[in-house]
Amino acid sequence: MGSSRMTEYERRRLENIKRNGEMLAALKIHSRVSELSATAKRERAQSKSYKRTPVKKPKTEGPVVLRRSLRARGVPPDAATAGGLSDDVDDEKKTKKIPKWNPDSMRRKSPGEVGPVAMRDAYAGDDGLDHKLVETISQCSQKSVLSEGPCDSIDNLEKSENLEILKAGKGLRGSVDVGALQLKSENIARLVPGRIMSLRFFPTMDMQMVVVGNKFGDVGFWNVNGKKEDGDGIYLYHPHPGPVSGIAIDPFSISKMYSSCYDGFIRLMDVEKEVFDMVYYSEYTIYTLSLCPHDTKSLYFSEGKGGVNVWDVRAGKSVLSCDLHEDRINTIDFNSENENIIATSSTDGAACIWDVRNINADKPESLKTLRHKRAVHSAYFSPTGKFLATTSIDNKVGFLSGPNYENTSMVYHYNQTNRFISTFRGIWGWDDSSIFIGNMNRGVDVIFVAAKDTVATIRSDLMSAIPCRFHAHPYNIGMLAGATSGGQVYIWTLS
DNA sequence: CCACTGATTACTAGC
DNA sequence: GCTAGTCCATCAGTGG
């Protein structure tokens with residue numbers, strides 16, 4: 001590499017930075033929200049943060065063997081070891097390659113083995129609070145059982161559509177003035193080290209609990225109302241050996257939380273048994289995980305290059321396994337009005353709507369396909385199910401509408417994140433009016449369907465990083481969580 | 001068709 | 001405050 005090449009490289013790099021700066025500047029003009037804070041010194045709000053045990057000695061184990069997705073290599077499912085727990089422990093597991101750039105994954109015994117892991121063994125904090133999370137969730141589930149419903153606050157609701165929605169395990173609906181969403185300093189915390197890949201609220205009104213999964217296989221919990229003596233309600237676990245790609249909590253039993261991992265594992269955190277149980281393991285990379293809302297024994301997840309698997313947790317077997325896309329599937333979402341209808345988004349550039357009762361595994365045909373010019377990173381149905389919103393790195397957010405989703409509209413949104421920032425995914429709030437989506441200027445853009453445009457940007461001086469993954473609290477209208485690639489979580493509230 | 005290479009440039013940990 | 005390290009994303013370009 002000669003010095004003249006370096007100079008040329010440096011020049012191109014500066015040009016790129018300048019060009020991106022101009023793009024951001026254009027975005028700023030577009031936004032109707034004050035940009036006063038864009039260059040202002042940001043206050044660091046890090047009073048709350050995860051705590052972990054000291055780094056254990058890195059253990060070098062045996063010969064290094066790289067596991068690769070068989071599906072990605074075109075090996076048919078029969079030839080793979082995909083399947084349930086009856087399969088023998090894969091020897092490769094014990095010699096799994098530990099990336100040298102990831103000291104975090106070496107700090108303790110990696111739970112990359114088949115079988116249950118006790119929650120206390122997976123606890124990664126050093127504060128002696130390893131049982132506090134169990135107590136908190138148990139108390140909450142106890143209440144739910146007594147009230148014979150998802151929670152005991154149903155009586156406080158108007159006897160309306162919302163009651164039915166709650167009983168069905170769905171989220172509540174309602175409109176929110178986005179201008180009223182506030183980010184308070186006590187609602188910011190760092191839950192895990194490194195990049196957050198998945199984020200969920202616990203579906204209950206009895207507490208405000210978020211859980212995140214990061215790139216190192218850590219899972220962090222935050223009881224937002226947790227007391228200071230309880231570690232601010234922040235608890236860190238390490239149940240997976242690699243990136244946590246999906247989290248799903250049973251809306252009828254919040255003591256059951258599923259999580260998936262790039263390394264092919266699905267575990268069930270069962271608070272009653274106090275273990276991270278092994279539910280599924282295969283050679284394929286699992287990119288996303290979803291729980292069927294009305295049939296919570298059915299896990300839907302994506303495998304390898306374009307595959308979808310539907311796993312019956314009770315029976316311990318697959319009820320459907322087929323290739324729906326040409327490349328990795330990034331999200332699977334259920335239509336709340338008709339839960340036989342799902343939407344998938346894929347790196348192959350398509351977002352598809354399917355009827356799960358009618359998928360021919362040999363020749364699957366979608367009800368509807370929306371094509372983007374590049375990879376699609378999410379496809380989510382609106383709260384009523386009447387719209388589908390897609391997010392693609394082709395800098396478009398797509399909306400499908402109409403009785404058969406025959407109407408398409410594309411809205412410009414800058415979706416270029418670099419390799420250190422997770423991709424943006426536009427998520428719905430509590431009604432069909434708009435979606436929330438991160439932007440590279442440390443804000444949350446609100447795109448209104450009717451306006452086909454970004455009509456507001458939520459910003460705060462307290463945000464020190466880009467929020468890229470979001471979840472709207474299913475039962476607490478106006479409570480929005482955003483996660484960053486540095487392990488932080490922001491929670492906006494209405495008051 | 002696939003495998004590989006190179007560029008990208010936000011954030012945090014740690015001095 | 002500043003700097004080094006990050007490296008399981010993604011795309012474009014290449015070479016077989």
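Note on naming: letters A, B, ... go to the chains in the order of the sequence lines (proteins, then strands), and numbering restarts at 1 for each one.
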Using a heavy-atom cut-off of 4.0 Å across all strands, would you classify Thr417(A) as base, sugar-phosphate, or nothing? nothing
Give the nucleotide from the list dA10(B), dC7(C), dC11(C) with an atom nearest to the side chain of Arg419(A). dC7(C)
Rounding to a whole Å, what distance do you find between Asp218(A):CG and dT12(B):P? 16 Å
Rounded to whole Å, the CG-P distance (Asn214(A) to dA9(C)) equals 14 Å
Rounded to the Å, how far apart are Asp394(A) CG and dA12(C) P? 11 Å
Of the listed nucleotides (dC11(B), dA10(B), dA9(C)), which one gets closest to any side-chain atom of Ala465(A)? dC11(B)
What nucleotide among dA9(C), dC7(C), dC11(B) has an atom nearest to a side-chain atom of Lys215(A)? dC7(C)
How close or far is atom C1' of dC11(B) from atom OH of Tyr490(A), stated in whole angstroms? 10 Å
When rounded to whole Å, the CE to P distance for the pair Met463(A) and dT12(B) reads 12 Å
Should Phe420(A) be counted as stacked on dC11(B), where stacking needs a ring-centre gap under 5.5 Å and an angle between planes under 30 degrees? no
Can you tell me if Glu303(A) and Ser282(A) form a side-chain donor-acceptor pair at under 3.5 Å? yes
Strictly below 4.0 Å, N to O, side chains only: are Lys317(A) and Asp312(A) in salt-bridge contact? no
d(CD, Gln488(A); P, dC11(B)) in whole Å: 10 Å
Among dA10(B), dA9(C), dC7(C), which nucleotide has an atom closest to any side-chain atom of Phe216(A)? dC7(C)
Of the nucleotides dC11(B), dC11(C), dT8(B), which one has an atom closest to the side chain of Ala375(A)? dC11(C)
Hey, are the side chains of Val308(A) and Ile332(A) touching, using non-hydrogen atoms and a 4.5 Å cut-off? yes
When you measure from the side-chain N and O atoms of His377(A) to the phosphate of dT10(C), is any distance below 4.0 Å, counting only OP1 and OP2? yes
Rounded to whole Å, NZ of Lys305(A) lies from P of dC1(B) at a distance of 9 Å
On the nucleotide dA9(C), are OP1 or OP2 found under 4.0 Å from the side-chain N or O atoms that Tyr262(A) carries? yes
At less than 4.0 Å, is any side-chain N or O atom of Arg195(A) found next to OP1 or OP2 of dT6(C)? Yes or no. no
For the residue pair Gln488(A) / Ser464(A), report whether a side-chain donor-acceptor contact shorter than 3.5 Å exists. yes
Figure out the CD1/P separation between Ile393(A) and dC11(C), and round it to whole Å. 3 Å
Please compare Arg374(A) and Pro243(A) by the position of their nearest nucleotide in DNA chain C and report the one closer to 5'. Pro243(A)
With a 4.5 Å limit on heavy-atom distance, are the side chains of Trp354(A) and Leu324(A) in contact? yes
